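Below, all heavy atoms of this structure are taken into account, side chains as well, without hydrogens, waters or symmetry copies. Being a predicted model, the structure only gives us computed values, none of them experimental.
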Amino acid sequence: MQKIHISSLKNYVGQEVTLQGWLFNKRSSGKVRFVILRDGTGYVQCVFFKGNLDEETFDLADKIGQESSIEITGKVKEEPRAVGGFELDGTGLQVIQDAKDYPITPKDHGIEFLLDNRHLWLRSKKQVAIMKIRHRVVKAVRDFFDERGFTLMDPPILTPNSVEGTSTLFETPYFDLGSAFLTQSGQLYAEAGAMALGKVYTFGPTFRAEKSKTRRHLTEFWMIEPEVAFADLNDDMDLAEEFLEYVVQTILKEKEEELKVLERDTTSLQKVMKPFPRISYDEAVEILKKNDVNFEWGNDFGGGDETIISNQFDRPVMVHRYPAEVKAFYMKRDPENPKLALAVDVLAPEGYGEIIGGSQREDDLDQLLSRIKEHNLPQEPFEWYLDLRRYGSVPHSGFGLGLERTVSWICGLDHLRESIPFPRMIYRNTP
């Protein structure tokens, strides 16, 4: 008997096939047993009629426990009312492993219980939908940059120095060389790559030892960081909006079923089309003041501030030219106002906050040396980075996009913890 996946049922209508998977749900109605099977590619209802199989197999269909691993044989038929549009008339059932007392039942469970059982929670319908959307976002990211001549460059995860500030570093002993740190960003290495290859992007795990418990923070997350030589801030913003439009529209086109499972209202996502509104930091501050927020110029925006700003627009908004004091040492100053950095943050709609942070990088050696001193950073670990300004320095720009924040926004999730298979947070490093 031919073994196939549920996603291939449409190709086997009228034929007898074998499916392998797990019992998602079941119910009985007199002389009929209904078994919902899942196999990772989809869900299908398998119908067992008492007269079509022996008594033992018919009874077995009613006894097996939730999430038991099973193999079902039957004839494929079209059924528009059924999940997926197809059904299996069951003729055989084999139990591979009968699961008893599966802990995650159809009743409501608390979030801590679900996180403790994350390895099992991943099997639920919504979590499967989220993981499939995450997978497609990752592919869309790679497709976007690959199609535009970017080269993927893998930065190290263990680094000798900070990128975004020493207060959020995870430190580890490193043989006889002292300490090393889990990377906060691949950006500095991407800059080296851009000087060699012109256009590069990094895509990998990053770590921040922030003692934050908000719905927008994880201690381990994935970042996509393009870097482009001979690019200024405007080029950077052009790339960011084209990138976001591509990713979001790809998901709307190709993951419609998963978005339906999540009950995601896609009205806002459908409006993610360039051009995005671009406002200065000063204009953003004025928006806050008009909304009665007591905000002091020079501060960075908090989550509530970002929500108020983004609520004024029907698509992501780009806020540029922040006070240099609240931005990283590597960001170039605005030649028209040295108090400002040529930086940009892209704020997502619906209260999801910053999903992209980028800037034009400081390409002048003396200015970069001054920034390192101003930020009280040791010069020696950055000598290799300074070499990029000593040997063929050019204007260049880039940004970082947080994968989990983007997936959370697209899926309409309440918290980042569901956008990554096994979340790491300030009070959780299991399972």
Side-chain angles (χ1 to χ4, degrees), residues 161-168 184-195 199 225-241 276-288 295-302 305-306 309 317-347 354 356-401:
N161 51 271
S162 162
V163 176
E164 299 289 350
T166 56
S167 63
T168 60
Q184 299 166 314
S185 164
Q187 180 207 310
L188 304 190
Y189 297 95
E191 290 186 55
M195 298 305 113
K199 297 191 294 186
E225 297 176 281
E227 198 73 29
V228 183
F230 302 102
D232 61 17
L233 180 61
N234 287 326
D235 297 322
D236 207 30
M237 291 193 283
D238 290 346
L239 181 65
E241 69 179 0
F276 297 168
R278 301 180 183 187
I279 64 172
S280 68
Y281 172 89
D282 289 350
E283 291 172 309
V285 171
E286 286 304 310
I287 289 173
L288 293 177
F295 185 87
E296 184 176 345
W297 193 98
N299 291 337
D300 205 354
F301 299 129
D305 302 325
E306 291 174 344
I309 295 166
V317 56
M318 296 178 158
V319 183
H320 58 85
R321 289 174 171 78
Y322 281 74
E325 296 298 320
V326 299
K327 289 298 181 181
F329 75 95
Y330 52 74
M331 295 187 180
K332 191 173 184 66
R333 300 289 174 90
D334 185 348
E336 296 182 9
N337 185 350
K339 291 184 178 181
L340 303 179
L342 294 177
V344 60
D345 287 348
V346 182
L347 309 183
E354 178 199 334
I356 283 180
S359 72
Q360 185 172 337
R361 319 309 190 188
E362 181 52 72
D363 55 283
D364 181 88
L365 175 63
D366 292 336
Q367 290 295 326
L368 189 57
L369 281 166
S370 296
R371 299 289 100 77
I372 288 173
K373 290 176 182 177
E374 286 175 14
H375 285 256
N376 295 315
L377 297 171
Q379 182 176 326
E380 195 277 330
F382 290 98
E383 283 298 331
W384 70 269
Y385 184 62
L386 292 167
D387 277 350
L388 304 179
R389 277 69 177 173
R390 294 185 178 108
Y391 308 112
S393 183
V394 300
H396 59 288
S397 299
F399 61 79
L401 173 136

| request: Please name all residues satisfying salt bridge (charged side-chain N to carboxylate O under 4.0 Å, His left out) with Asp305, sequence neighbours left out, ordered by chain then number. | output: none
| task | Find out whether Leu239 and Pro226 are in side-chain contact, i.e. whether some heavy atom of one side chain is under 4.5 Å from a heavy atom of the other. | result | yes
| remark: Sorted by chain and residue number, the side-chain hydrogen bond (donor to acceptor under 3.5 Å, both in side chains) partners of Glu191 (sequence neighbours excluded) come out as Gln187, Tyr385, Arg389, His396
| field | Validation row: Leu401, Val346 side chains within 4.5 angstrom (heavy atoms) | value | no
| NE2 on His320 to CG on Asn234, rounded to 0.5 Å | 8.0 Å
| request: Show your reasoning for whether side chain to side chain contact (heavy atoms under 4.5 Å, CB included) applies to Ile279 and Val317. | output: CA-CA 8 Å; Ile279 64 172; Val317 56; 4.1 Å; yes
| field | Side-chain (Glu362) to main-chain (Lys332) donor-acceptor, under 3.5 angstrom | value | no
| request: Sequence neighbours left out, what passes ring-ring contact (aromatic ring centres under 6.0 Å, His included) with Phe382? Give chain and number order. | output: Phe329
| remark: Residues passing the ring-ring contact (aromatic ring centres under 6.0 Å, His included) test with Phe295, sequence neighbours excluded, are Phe301
| message | Is it the case that the side chain of Glu225 and the backbone of Gly186 share a donor-acceptor pair, with hydrogens and angles ignored and the cut-off at 3.5 Å? | response | yes
| query | For atom CD of Glu283, is the number of surrounding heavy atoms from other residues, nucleotides or ligands below 6.0 Å larger than 12? | reply | yes
| request: Evaluate side chain to side chain contact (heavy atoms under 4.5 Å, CB included) for Val344 paired with Val319, printing each intermediate quantity in order. | output: CA-CA 5 Å; Val344 60; Val319 183; over 6 Å; no
| salt bridge (charged side-chain N to carboxylate O under 4.0 Å, His left out) partners for Asp282, two or more places apart | none
| If you take all heavy atoms of Gly358 and Met331, which pair is closest and at what distance? | O-CE, 4.3 Å
| field | Partners passing side-chain hydrogen bond (donor to acceptor under 3.5 Å, both in side chains) against Asp364 (at least two apart in sequence or in another chain) | value | none
| said: Assess the residue pair Arg371 and Arg333 against the criterion (side chain to side chain contact (heavy atoms under 4.5 Å, CB included)); give the C-alpha distance rounded to whole Å, side-chain angles, the decisive distance to 0.1 Å, and a yes or no. | reply: CA-CA 10 Å; Arg371 299 289 100 77; Arg333 300 289 174 90; 3.2 Å; yes
| query | Looking at Met195 and Ala229, what are the two nearest heavy atoms and their distance? | reply | CE-CB, 4.2 Å
| Residues in side-chain contact (heavy atoms from CB on, under 4.5 Å) contact with Asp345, at least two apart in sequence or another chain | Tyr322, Lys327, Leu347, Glu354
| field | Arg361 side chain vs Gly398 backbone, donor-acceptor pair below 3.5 Å | value | yes
| Side chains of Leu288 and Ile309: does their closest heavy-atom pair fall under 4.5 Å? | yes
| remark: Pro323 meets the side-chain contact (heavy atoms from CB on, under 4.5 Å) criterion, sequence neighbours left out, with Tyr281, Trp297, Val326
| Side chain proximity check, Leu365 to Leu386, heavy atoms < 4.5 angstrom | yes
| Heavy-atom side-chain contact between Pro395 and Gln360 under 4.5 Å | yes
| field | All side-chain hydrogen bond (donor to acceptor under 3.5 Å, both in side chains) counterparts of Ser393, not counting sequence neighbours | value | none
| request: Apply side-chain contact (heavy atoms from CB on, under 4.5 Å) to Glu286 and list each qualifying residue two or more places apart in sequence or on a separate chain. | output: Lys289
| Hey, is Glu241 close enough to Arg278 for a salt bridge, meaning N to O under 4.0 Å? | yes
| field | Side chains of Leu342 and Pro335 in contact at under 4.5 Å (non-hydrogen atoms) | value | yes
| request: Using atom types as modelled and distance alone, determine if a side-chain donor or acceptor of Ser397 lies under 3.5 Å from a backbone N or O of Ala231. | output: yes
| Who are the salt bridge (charged side-chain N to carboxylate O under 4.0 Å, His left out) partners of Lys199, not counting sequence neighbours? | none
| said: Suppose we screen for salt bridge (charged side-chain N to carboxylate O under 4.0 Å, His left out). Which residues come up paired with Glu383, at least two apart in sequence or across chains? | reply: Arg390
| task | In sequence, state the C-alpha distance, the side-chain angles, and the governing distance for Tyr330 and Ile372, and then conclude on side chain to side chain contact (heavy atoms under 4.5 Å, CB included). | result | CA-CA 8 Å; Tyr330 52 74; Ile372 288 173; over 6 Å; no
| field | Interatomic distance, Asp235 atom CG to Asp232 atom CG [nearest 0.5 angstrom] | value | 4.0 Å
| field | Straight-line distance of Leu233 CG to Asp236 CG, nearest 0.5 Å | value | 6.5 Å
